[in-house]
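What follows is one structure encoded as structure tokens, with my remarks underneath.
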Amino acid sequence: MATRISRTFDELKSNSQTGLITYLTAGFPNQDLCLDIINELSESGSDLIEIGMPFSDPMAEGPIIQQSSKIALDNGHTMELIFDLIKKFRTKNSQTPIILMGYYNPIYQYGNENFIKKCLDYGVDGLIVVDLPPEHDSELCDLTIDIDLDFIRLATPTTDQKRLNIVLNKSSGFLYYVSIMGITGTKEPNLDILKEQVIKLKKVTDIPIAVGFGIKRSDQAQKISEFSDAIVIGSSLIEKIMENYQNNKEDLVLSEVSKYIKSLKAVI
Amino acid sequence: MATRISRTFDELKSNSQTGLITYLTAGFPNQDLCLDIINELSESGSDLIEIGMPFSDPMAEGPIIQQSSKIALDNGHTMELIFDLIKKFRTKNSQTPIILMGYYNPIYQYGNENFIKKCLDYGVDGLIVVDLPPEHDSELCDLTIDIDLDFIRLATPTTDQKRLNIVLNKSSGFLYYVSIMGITGTKEPNLDILKEQVIKLKKVTDIPIAVGFGIKRSDQAQKISEFSDAIVIGSSLIEKIMENYQNNKEDLVLSEVSKYIKSLKAVI
Amino acid sequence: MKKNSYKLGPDSDGNFGLFGGRYVAETLMPLIIELERAYSDALIDQVFRNEIKQFSKDYIGRESPLYFAERLTNYLEGAKIYFKRDELNHTGSHKINNCIGQILLAKRMKKNRIIAETGAGQHGVAVATVCARFGFECVIYMGKKDIERQKSNVFKIKLLGGKIVPVESGNGTLKDAMNEALRDWVSNVENTYYLIGTAAGPHPYPAMVRDFQSIIGEEAKRQILDKENVLPDALVACIGGGSNALGLFYPFLDDDVDMYGVEAAGLGLDGNEHAASLSKGTPGVLHGNRTYLLQDTDGQIREGHSISAGLDYPGIGPEHSWLSDQGRVNYVSSTDDEALNAFEICSKYEGIIPALEPSHALAFVFKLAKTMKKDQIIIVNLCGRGDKDIETVADYLGVEV
Amino acid sequence: MKKNSYKLGPDSDGNFGLFGGRYVAETLMPLIIELERAYSDALIDQVFRNEIKQFSKDYIGRESPLYFAERLTNYLEGAKIYFKRDELNHTGSHKINNCIGQILLAKRMKKNRIIAETGAGQHGVAVATVCARFGFECVIYMGKKDIERQKSNVFKIKLLGGKIVPVESGNGTLKDAMNEALRDWVSNVENTYYLIGTAAGPHPYPAMVRDFQSIIGEEAKRQILDKENVLPDALVACIGGGSNALGLFYPFLDDDVDMYGVEAAGLGLDGNEHAASLSKGTPGVLHGNRTYLLQDTDGQIREGHSISAGLDYPGIGPEHSWLSDQGRVNYVSSTDDEALNAFEICSKYEGIIPALEPSHALAFVFKLAKTMKKDQIIIVNLCGRGDKDIETVADYLGVEV
Ligand SMILES: Cc1ncc(COP(=O)(O)O)c(C=O)c1O
Ligand SMILES: Cc1ncc(COP(=O)(O)O)c(C=O)c1O
């Protein structure tokens with residue numbers, strides 16, 4: 001079964017392009033603007049969009065994404081509002097894959113089956129659950145096996161060969177390679193080492209490889225795009241939005257986002 | 001050898017009188033006024049005078065005498081000033097016995113022999129050292145054996161028969177009976193019990209018995225005088241001086257002292 | 001091992017039935033697996049076991065006494081009450097038992113940078129203590145609010161050479177400090193050992209902390225048999241994350257002994273101002289394990305409240321969640337007021353000022369003892385001393401300290 | 001007993017040579033003699049001895065460890081340093097050893113009103129503790145200034161049910177509190193027991209307190225023989241009134257072991273801002289005994305000064321005066337600064353925050369160890385924990401707590 005995600009990667013590949021994946025926290029900076037930004041992201045060239053599900057205790061995030069989650073929660077974020085957001089997005093856009101990214105507890109509380117059903121109904125294409133390692137994810141992952149919902153796993157610099165097999169087993173959509181040892185938006189990857197690691201990965205899997213967690217500047221993006229199938233931009237995007245929004249330049253948010261995405265897209 | 005103290009008691013006895021012993025802290029309220037008060041005391045009818053040697057840690061005294069000691073020390077009291085006081089007193093009065101009362105440490109620091117010699121030279125007649133029980137007083141007491149200086153010991157309601165013998169051995173001058181269990185100027189004695197105790201004492205010793213520590217009012221003085229050889233007035237006298245002195249009625253101090261002593265003398 | 005034992009958990013993935021596990025970011029998984037292996041190796045290494053024994057004796061001051069609280073027993077007119085006195089340990093609580101175990105493990109693993117979270121600062125002090133003793137770098141994550149509330153523990157940590165990192169994220173309290181410590185760990189996996197302070201977190205922590213704390217129950221068992229020649233009828237301990245309680249309970253799990261874990265009911269279980277994760281929470285996933293949590297219907301974690309800073313964690317160690325579902329241990333709670341009353345009575349009747357945490361356990365003992373016969377026996381874990389709580393109690397009673 | 005023993009004192013009047021004795025008001029003499037008799041009787045009563053043993057174990061938490069301070073030893077590069085860890089005792093210092101002994105004696109004597117003096121509040125807390133445990137009335141005399149400086153101990157005493165009487169007389173510090181306690185005693189001889197906190201006061205207190213504290217040295221002797229198979233080369237302890245030092249020294253007095261009592265040199269021995277009664281005082285009589293005192297030439301007692309509230313007593317137990325004159329024990333001193341430095345180093349290197357009192361002993365160990373060989377052994381009495389001193393130290397270091 002070809003999901004929207006694999007179709008997107010196939011297309012990118014056939015065009016010899018590297019994909020651009022952008023991350024935005026649901027409900028940030030507010031529900032309406034969030035929708036506008038997502039629309040803008042896809043229009044400006046984001047090939048896939050990750051939507052972060054805010055959580056009170058986002059233990060893998062750096063300060064920027066933490067803050068965006070907190071703002072969303074303080075704004076009264078609920079899981080229903082995420083689905084509402086996706087529904088509205090899908091009324092205009094049926095192409096760009098949407099990936100929900102977050103922590104397990106909100107999903108678990110929502111009810112795994114219920115959650116998966118909603119994802120399908122509303123047009124979600126993939127899931128990344130940060131704190132569900134392969135050893136524990138079957139209760140969620142197994143529900144996605146026969147449906148059009150990719151279960152995307154992460155590999156990191158600490159993932160050794162043996163572990164990689166465990167990670168890759170049942171992975172679908174793409175493999176999210178965490179380019180640094182750390183949390184989102186903090187360290188910068190060492191590009192030489194990163195390249196080596198990705199090349200190694202490519203030897204053992206056919207699944208596309210997206211690199212994320214430390215990418216900020218277009219020079220990095222450009223270099224990483226040379227050896228990966230997609231790059232993920234998260235914290236730096238949120239930071240741009242935050243700056244403009246908090247300085248009451250709400251009207252500038254969309255144009256800045258557009259400019260930033262286009263600048264990245266241009267080099268990869 | 002008949003000391004000034006025994007002569008005084010003999011005289012009182014032959015007149016069927018109870019003696020009045022007054023206590024004043026040396027250097028209180030100041031050196032000059034202290035001398036004037038002592039003179040006034042003897043003129044108003046005090047038969048014997050105890051002069052308190054101020055000590056930083058007067059553990060048997062109540063708040064009033066403590067305070068008088070502190071005032072004297074703050075005024076710069078020294079042992080030499082006591083002897084100076086006595087010297088001046090003796091230029092006008094060679095009759096009234098003077099008893100130095102205090103704690104051992106200042107004496108010990110002065111040097112026991114030196115101290116005893118000074119006492120003799122300046123006309124001191126007796127010593128009361130509050131914290132030198134018979135078990136420990138030989139180093140001072142033995143120095144007084146062949147000289148005109150009485151070593152006055154204390155008995156208390158806690159002194160049992162066996163202990164009384166120890167106390168009385170080497171006692172001279174008079175026996176100071178502490179009428180209460182406590183410190184100076186606090187509790188009032190129970191007169192019935194006190195009477196019994198003094199009568200018991202009189203059965204085992206011929207030495208005069210002075211009662212002190214709790215006597216304040218003339219009605220008490222009167223009753224105690226019926227069964228004792230002398231009464232000691234201390235805290236209540238100091239209190240009278242303190243009141244007048246601290247209220248800047250220095251000029252009234254002497255007349256008030258005189259009035260008080262005469263009122264007591266009249267009833268005993 | 002017995003077939004029908006309550007002591008068999010966790011399984012190799014760290015599960016106690018539904019609970020426990022290793023719900024962490026992928027970066028940490030290899031490290032956590034390495035930790036588990038190192039721990040299993042250490043457990044069967046006589047050198048390691050001897051080191052723990054020696055430090056327990058000479059450094060912590062174990063064994064801690066089992067003390068017959070005669071005056072309290074007479075006051076309550078019920079069962080005989082014994083105190084297991086881990087408040088006498090070096091640094092004033094049971095926390096050090098675990099810290100000694102883990103620091104020796106860190107040493108074995110050649111990790112010389114130690115990180116930890118702390119709420120009230122008790123665990124932070126214990127960690128800084130063992131780091132000082134072993135000459136390791138020490139970084140303590142502590143919520144900004146907690147830093148302001150617990151100045152003397154903060155200063156102690158500094159005296160011990162520890163570095164305090166103020167945590168401003170979230171609400172600036174314990175749970176945020178734990179998040180921040182996990183973030184540090186992800187970022188410094190290679191040289192860093194995360195020294196978790198209670199029987200929670202990802203596998204192997206819950207089992208490991210339980211094992212290091214089980215000395216409490218092992219001693220208590222030997223001691224009560226010495227003194228009374230029978231096992232106790234009931235064990236009582238307070239529950240923050242659950243380490244002191246498990247430490248006492250574990251060695252008795254297969255014996256015919258009632259057990260009561262006492263959560264903090266704060267201002268009462270009706271509202272949200274409590275920290276009774278088991279009584280009032282629902283299963284969820286936080287800080288690396290599945291367990292009962294205080295959370296809203298969206299799965300967002302709520303702050304706990306308790307007058308006792310060591311109990312206001314919104315979760316509970318996974319083994320407790322399992323023991324509760326199994327019905328093996330009874331979970332009850334005491335309010336702020338009840339704990340304070342117990343604090344005062346214990347001080348006045350036994351001359352022992354307990355920490356506010358075990359005061360919760362004592363408050364429950366006050367109720368339990370009266371329902372029991374005079375020849376029955378309760379052991380309550382007096383897991384911390386009250387020195388640290390003097391100001392809190394004075395505030396509460398309106399006294400200026 | 002050996003003929004040539006240092007352990008024979010005092011004689012029947014309480015004299016250690018020139019020192020000691022019973023210099024009290026006549027009202028107290030019968031009581032003090034009764035106390036002495038009761039104490040002698042108790043000493044040979046197996047029931048009494050067993051009670052002490054049991055409370056030492058279950059209530060105080062004895063024995064206290066003898067701990068090899070490996071990191072400090074390596075740091076100083078001299079003799080091997082062992083800590084005798086009486087800071088782990090219930091209430092945090094050696095004071096409780098004596099309090100348990102005396103409260104059991106008071107119980108035997110059927111006195112149910114206990115009075116005591118306290119300076120920093122450590123002894124006050126220990127007394128209030130044992131009073132709570134035995135249900136006795138407890139009245140603590142404490143200087144007004146000290147009450148202001150030591151609020152948390154004051155509050156602890158109240159929590160324990162003790163009544164604090166502020167002493168305004170004199171300078172409102174420890175020595176005045178002792179005077180006031182003696183005044184109370186004289187006034188309430190019949191039902192009142194005066195529980196003196198150090199090896200001073202009138203006979204039999206110095207001997208009795210020494211005996212109750214000797215458990216420290218007895219244990220240490222057994223422990224060092226266990227660990228090293230030899231006696232130590234030197235013993236070091238701080239001196240306030242001298243009880244913890246005597247407790248450690250006494251059982252070794254007839255052995256070939258050097259001993260150092262460390263007084264508080266405050267701002268230095270040159271001025272008056274110290275509490276070095278032996279180094280700088282002269283013999284005199286205060287608080288019921290003859291001993292070295294800080295005093296002026298008129299025999300008026302001077303206030304001591306030390307950063308450590310437990311050391312600024314202007315006197316010293318009489319047995320120390322005797323041991324000093326005999327040349328058996330060396331009396332040295334550490335300044336405020338030296339003690340604080342030792343406080344910090346010990347915290348950082350051993351993870352043990354010592355009280356400021358034993359920090360004086362440690363400061364001397366720092367000098368002594370360096371003059372000794374690596375196979376030689378020093379035991380230092382770590383007689384109190386530093387929790388109580390956190391504020392003082394923070395003030396000194398200019399940190400806000
Ligand atoms: C004295 C004391 N008791 C109990 C606790 C709660 O932790 P646990 O439930 O892990 O024993 C703490 C935590 O700080 C504590 O300091
Ligand atoms: C911890 C500690 N050490 C020492 C002392 C000094 O007393 P001593 O010399 O009687 O041991 C005190 C007195 O309060 C104290 O609290």
Side-chain angles (χ1 to χ4, degrees), chain B residues 53-63 66-67 69-70 72-73 76-82 102-111 115 128-137 139 153-160 162-164 166-167 176-178 180-184 186-187 213, chain D residues 11-15 18 20-34 167-171 175-192 201-203 282-291 293-303 314-315:
Chain B
M53 299 181 286
F55 181 45
S56 51
D57 296 81
M59 66 161 185
E61 316 304 337
Q66 280 175 46
Q67 208 188 333
S69 283
K70 190 161 177 355
L73 287 172
H77 157 85
T78 63
M79 198 63 97
E80 297 305 341
L81 284 175
I82 301 184
Y103 295 80
Y104 185 42
N105 197 50
I107 298 172
Y108 182 57
Q109 297 313 313
Y110 199 81
F115 179 78
I128 302 176
V129 190
V130 176
D131 57 352
L132 258 194
E135 285 85 346
H136 283 301
D137 66 8
E139 66 192 55
R153 289 206 178 123
L154 298 96
T156 80
T158 62
T159 313
D160 61 14
K162 190 173 141 220
R163 191 155 177 79
L164 193 59
I166 300 174
V167 169
Y176 190 130
Y177 187 73
V178 175
I180 54 164
M181 282 191 285
I183 51 178
T184 50
T186 50
K187 299 179 185 172
F213 258 60
Chain D
D11 68 19
S12 60
D13 283 327
N15 300 302
L18 177 64
R22 281 185 287 222
Y23 296 81
V24 296
E26 178 58 29
T27 315
L28 289 179
M29 279 303 287
L31 193 81
I32 276 185
I33 289 168
E34 181 198 340
V167 176
E168 308 204 24
S169 63
N171 292 298
K175 122 185 134 53
D176 308 296
M178 195 148 179
N179 293 328
E180 209 56 39
L182 283 163
R183 291 179 189 122
D184 177 314
W185 204 20
V186 172
S187 311
N188 300 284
V189 282
E190 257 143 23
N191 68 339
T192 297
H203 180 62
T282 48
V285 172
L286 179 71
H287 293 151
N289 67 96
R290 179 164 8 207
T291 193
L293 298 174
L294 298 180
Q295 54 184 331
D296 66 17
T297 50
D298 273 325
Q300 308 298 343
I301 308 304
R302 277 215 290 259
E303 288 285 316

May I ask you to test the D/Q295-B/Q109 pair for a side-chain heavy-atom distance under 4.5 Å?
yes

Test item: D/M29 and B/T159 side chains (from C-beta on) under 4.5 Å apart, heavy atoms:
no

Please classify the contact of D/T297 with chain B as side chain, backbone, both or neither, using a heavy-atom distance under 4.5 Å.
backbone

What part of B/V129 gets within 4.5 angstrom of chain D, counting heavy atoms only: side chain, backbone, both, or neither?
neither

Counting only heavy atoms closer than 4.5 Å, note whether B/I107 contacts chain D via side chain, backbone, both or neither.
neither

Looking only at D/D176, D/N15, D/V24, most heavy-atom pairs under 4.5 Å shared with chain B are made by D/V24

Quick check: do D/V186 and B/M59 have side-chain heavy atoms less than 4.5 Å from each other?
no

Residue part contacting chain D, namely of B/K187, when any heavy atom lies under 4.5 Å:
side chain

Closest heavy-atom pair, B/T158 versus D/T27, reported as atoms and distance to 0.1 Å, is OG1-O, 2.9 Å

I want to check something: taking the side chain as every heavy atom from C-beta on, are B/F55 and D/I301 in contact at a cut-off of under 4.5 Å?
yes

Side-chain heavy atoms of D/N188 within contact of B/M181, under 4.5 Å
no

Decide yes or no for D/E168 and B/Q66: does some side-chain heavy atom of the first lie under 4.5 Å from some side-chain heavy atom of the second?
no

Taking side chain as C-beta onward, heavy atoms only, is D/S187 less than 4.5 Å from B/I183?
yes

Closest-packed option against chain B by number of heavy-atom pairs under 4.5 Å, given D/V189, D/D184, D/N179
D/N179

Engaged part of D/P283 at the chain B interface, taking heavy atoms whose separation is under 4.5 Å:
both

Chain D contact via B/Q67 - which portion, at a heavy-atom distance below 4.5 Å:
neither

Without swapping roles, check the side chain of D/Q300 against the backbone of B/S56 for a donor-acceptor pair under 3.5 Å.
yes

Check whether B/N105 reaches the backbone of D/L286 with its side chain - one donor and one acceptor, N or O, closer than 3.5 Å.
no

With a distance cut-off below 6.0 Å to the six-membered ring centre and an angular limit of 45° from the axis, does D/R290 pair with B/Y104 as a cation-pi contact?
no

Looking only at heavy atoms and a cut-off of under 4.5 Å, which of D/L293, D/I33, D/V285 has the most pairs with chain B?
D/V285

With chain D, which of B/A60, B/P58, B/P63 has the greatest number of heavy-atom pairs at distances under 4.5 Å?
B/P58

If I take atom CG from residue B/D57 and atom CD from residue D/E180, how far apart are they, to the nearest 0.5 angstrom?
11.5 Å

Once side-chain hydrogen bond (donor to acceptor under 3.5 Å, both in side chains) is applied, do any residues pair with B/R163, and if so which ones, sequence neighbours excluded?
B/E135, D/E26

Ignoring hydrogens, what is the shortest heavy-atom contact between B/P133 and D/Y23? Give both atom names and the distance.
CD-CA, 4.1 Å

Partner set under side-chain hydrogen bond (donor to acceptor under 3.5 Å, both in side chains) for D/D298, not counting sequence neighbours
none

Please check this pair: side chain of B/H136 against backbone of D/G21, looking for a donor-acceptor N/O pair closer than 3.5 Å.
no

Heavy-atom contact with chain D under 4.5 Å, split by part of B/P54
backbone

Verify, without hydrogens or angle tests, whether D/R183 (side chain) and B/G62 (backbone) share a donor-acceptor contact under 3.5 angstrom.
no

